[in-house]
Amino acid sequence: MILRKIWEEKDASDIREKLLINPEEAETIALGYVSINSGESTKTGFHEDEEEIYVILKGRAVLTIGDEEGEVTGGDVAYVPRNNVHRMKCISEEKLEYLYFANWPK
């Protein structure tokens, strides 16, 4: 069993990215938390062998996957298939916070 907090209260405003479940701790999945300030973007990602699901906790962002763009907001879920360039840009005044689940299919 693995139990962790996303953040401790004293650290909540300082965390930008945190791997919560490492790939080495699970069979085919990892879990992470990301926080992005207004106007900032994630690094562009690309994974040949990894699918991701984003669960948007709060804020608004433009999510780009390949040639497609869409707006996401708190309560949304997005799927990022393998072999696609992807990134998010926070477009809200409040920071964007989301969880990502990364999977390596067998």
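- Note that the CG atom of N37 and the CG atom of L96 stand 10.0 Å from one another [nearest 0.5 Å].
- Under the side-chain contact (heavy atoms from CB on, under 4.5 Å) criterion, E48 pairs with F46, N83, sequence neighbours left out.
- For residues 32-42, every residue pair satisfying the salt bridge (Lys or Arg N to Asp or Glu O under 4.0 Å) rule, not counting sequence neighbours, is listed here: R16-E40.
- Each of V85 and I53 belongs to its own hydrophobic cluster when Ile, Leu, Val, Met, Phe, Trp and Tyr are linked at side-chain heavy-atom distances under 4.5 angstrom.
- Annotation: the span from T28 atom OG1 to N103 atom CG amounts to 4.5 Å, rounded to 0.5 Å.
- Under the side chain to side chain donor-acceptor pair (under 3.5 Å) criterion, Y100 pairs with no residue at all, not counting sequence neighbours.
- Residues passing the side chain to side chain donor-acceptor pair (under 3.5 Å) test with N22, sequence neighbours excluded: E25.
- Contact of the M88 side chain with the V72 side chain is registered, since non-hydrogen atoms from C-beta on lie closer than 4.5 Å.
- The heavy-atom pair separating Y98 from T42 by the smallest distance is OH-CG2, 3.4 Å.
- A distance of 6.5 Å separates CG of L57 from CD1 of I6, quoted to the nearest 0.5 Å.
- With rounding to the nearest 0.5 Å, the separation of CG in L99 from NZ in K18 is 11.5 Å.
- Partners of E52 under the side chain to side chain donor-acceptor pair (under 3.5 Å) rule, at least two apart in sequence or in another chain, are Y54, H86.
- Rounding to the nearest 0.5 Å gives a distance of 8.5 Å between CD1 of I36 and CD of E17.
- Rounded to the nearest 0.5 Å, atoms CG (L3) and CD1 (I21) are 8.5 Å apart.
- Evaluation of the side chain to side chain donor-acceptor pair (under 3.5 Å) rule for S38 yields no partner, not counting sequence neighbours.
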Atom pairs and distances, donor-acceptor, side-chain atoms in residues 58-68, under 3.5 Å, two or more places apart:
{"residue": "K58", "atom": "NZ", "partner": "E97", "partner atom": "OE2", "Å": "3.3"}
{"residue": "R60", "atom": "NE", "partner": "E71", "partner atom": "OE2", "Å": "2.8"}
{"residue": "T64", "atom": "OG1", "partner": "E69", "partner atom": "OE2", "Å": "3.4"}

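- Listed by first then second residue, pairs satisfying salt bridge (Lys or Arg N to Asp or Glu O under 4.0 Å) with a partner in residues 76-87 number zero, not counting sequence neighbours.
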